[in-house]
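Working notes, beginning with the structure itself.
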Protein chains: 2
Amino acid sequence: MRTKTQTTKQADLTRDKLLEAAFNEIHRYGFQAASLSSILANTGLTKGALYHHFPAKHDLGLAVVDEVIEQILAETIFIPLRDSPHPIKTLQDILRKKRGKPDIVELGCPLNNLMQEMSPLDEQFRHRLNALMQRWQDTLADALRRAQKQGQVRKEINCSMAALFIISAWEGCVGIAKNMQSAKTYQQCFDQLIEYVSSLAN
Amino acid sequence: MRTKTQTTKQADLTRDKLLEAAFNEIHRYGFQAASLSSILANTGLTKGALYHHFPAKHDLGLAVVDEVIEQILAETIFIPLRDSPHPIKTLQDILRKKRGKPDIVELGCPLNNLMQEMSPLDEQFRHRLNALMQRWQDTLADALRRAQKQGQVRKEINCSMAALFIISAWEGCVGIAKNMQSAKTYQQCFDQLIEYVSSLAN
DNA sequence: ACACATCCATACCGACCGGTATGTAATGGC
DNA sequence: GCCATTACATACCGGTCGGTATGGATGTGT
């Protein structure tokens, strides 16, 4: 998605339509199995439009990562965590909010899906996905450290390692629940994660 | 893999070769992107052999789950956990053993890879993969309960929920490390998991 | 030793894939 | 109002995919 403040020309709108449709297709079928024809059918556009905005399918996929997925993470996780004066509470709020939206169970986490599929196969995908993961971990670790200074997290906790584990368990929960296609499992697993976060305080 | 005790005829050997090559191909590229031509090239066999033993690619994939992946899990996890008189120690041994083999970082967990890719798309895959996951959770939960009776696990712990979370975090760790392509991250994350397991005792 | 099922190789097929070449309509600067 | 550039549509291409039809080699029971 482009920056929404600038004057949205028609061309940018079509580009956004392509990105959104590509995101949905990739989210469901993965990047490799994503069909350009299906994406175009869902947008009402044609190959002329697609290859005008993107030189190849590969670049379309990278753009989905850089723009669509990045924005989702920034909005729901990065920004709230970074701006919060009460990091632990904010983290728990985020987790509870995610817990309350089990619609993610059907198709899983878009970021994790792409990581699992593409990281061993494509350097450029891996690089971009890894950068997002690193941002996630750094943001979360920093939030934990701030909470630590406030006395909300035990001093012996290694915040970087804890952040890494939280994200891993997070993605793990979503993945397992997605396999089971069970919102109940999703919430049970997420409750354990929330409990783990609480155990960091003590 | 067939039961190895029975007289391995030539036909069974070719079937096993197909299964092994299919397993490797699927492990690297996923099921959908797995190329039958590549599999056959790696075995030196032809389509005649493949479609004699398996009616379709779909069935080949299911056989990989039912036979190859099932056996890996049974050997390294299910059987050791089930037969152990000291479940917690055995679990920690298993985790440490997995920690010591970071080669899984390159391609990730075959079971989890397939779950993430196929569970939303194919009922039969999902059903089989889910059954393996359920066996895993049940086996682990039962081990934790036995440890609980021995006083090795706190009584207020819900063993089913703990098992679910351990497996989720487990798969999560492998997945994150696979994206980072970092054995160090893998081991750091796994250390956190091992620590969590220890925290169940206390 | 003969009949027959098993086992596997070869050749081939239609479908769909990502990608391209080319034409045309809309847009924006002057 | 003219023109060049942008923004798309249409038609088409080679390649790879999973799958099939057929024939020959290899056991296997009797």
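Within every chain, numbering begins at 1; the chains are lettered A, B, ... in the order of the sequence lines, protein sequences first and strands thereafter.
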*Can you name the nearest heavy-atom pair linking A/Ile94 to A/Leu81, along with the distance?*
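Nearest heavy atoms, A/Ile94 then A/Leu81: CD1-CG, 3.9 Å.
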_For a quick test of reading the model, state the closest non-hydrogen atom pair linking B/Arg135 to B/Ala74 and the distance between them._
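That closest heavy-atom pairing would be NH2-CB, 4.3 Å.
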Of the candidate nucleotides [options], which contains the atom at the shortest distance from the side chain of [X]?
X	options	answer
B/Thr14	C/dC17, D/dC8, C/dC8	C/dC8
A/Ala49	C/dC8, D/dA9, C/dT20	D/dA9
B/Thr46	C/dG19, C/dC8, C/dA9	C/dA9

Atom [atom1] of [X] to atom [atom2] of [N]: distance rounded to whole Å?
X	N	atom1	atom2	value
B/Leu45	C/dT10	CG	C1'	14 Å
A/Leu60	C/dG19	CG	C1'	14 Å
B/Phe54	C/dC8	CZ	P	11 Å
A/Leu40	C/dG19	CG	P	12 Å
A/Lys47	C/dT22	NZ	P	17 Å
B/Leu36	C/dA9	CG	P	15 Å
B/Ile39	D/dG19	CD1	C1'	14 Å
A/Tyr51	C/dG18	OH	P	7 Å

Hey, is the side chain of [X] poking within less than 4.0 Å of OP1 or OP2 on [N], counting only N and O atoms?
X	N	result
B/His53	C/dT6	no
A/His52	D/dA7	yes
A/His58	C/dG19	no
B/Ser37	D/dT16	no

*Please check if the side chain of B/His27 supplies one atom and the backbone of B/Gly108 the other of a donor-acceptor pair under 3.5 Å.*
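Yes; at least one donor-acceptor contact below 3.5 Å.
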*On DNA chain C, nearest-nucleotide positions of A/Ser38 versus A/Gly48: which is more 5'?*
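Nearest nucleotide further toward 5': that of A/Ser38.
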*So is A/Lys178 actually on top of A/Tyr186's ring, under 6.0 Å and inside 45° of the axis?*
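Because its charged atom misses either the 6.0 Å distance or the 45° angle limit, A/Lys178 does not stack over A/Tyr186.
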*Can a donor-acceptor pair under 3.5 Å be found between the side-chain atoms of A/Lys57 and the base atoms of C/dG19?*
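Such a pair does not exist between side chain and base.
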*Describe the nucleic acid contact of B/Leu50 in one word from base, sugar-phosphate, nothing, applying a heavy-atom distance below 4.0 Å.*
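Nothing: the residue B/Leu50, judged by heavy atoms under 4.0 Å, touches no strand.
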*Just call it for B/Ala33: base, sugar-phosphate, or nothing, with non-hydrogen atoms closer than 4.0 Å on any strand.*
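Answer is nothing: B/Ala33 stays at 4.0 Å or more from every strand.
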*Please step through side-chain hydrogen bond (donor to acceptor under 3.5 Å, both in side chains) for the pair B/Ser84 and B/Arg146, ending with a clear verdict.*
CA-CA 10 Å; B/Ser84 167; B/Arg146 274 154 42 219; 4.9 Å; no
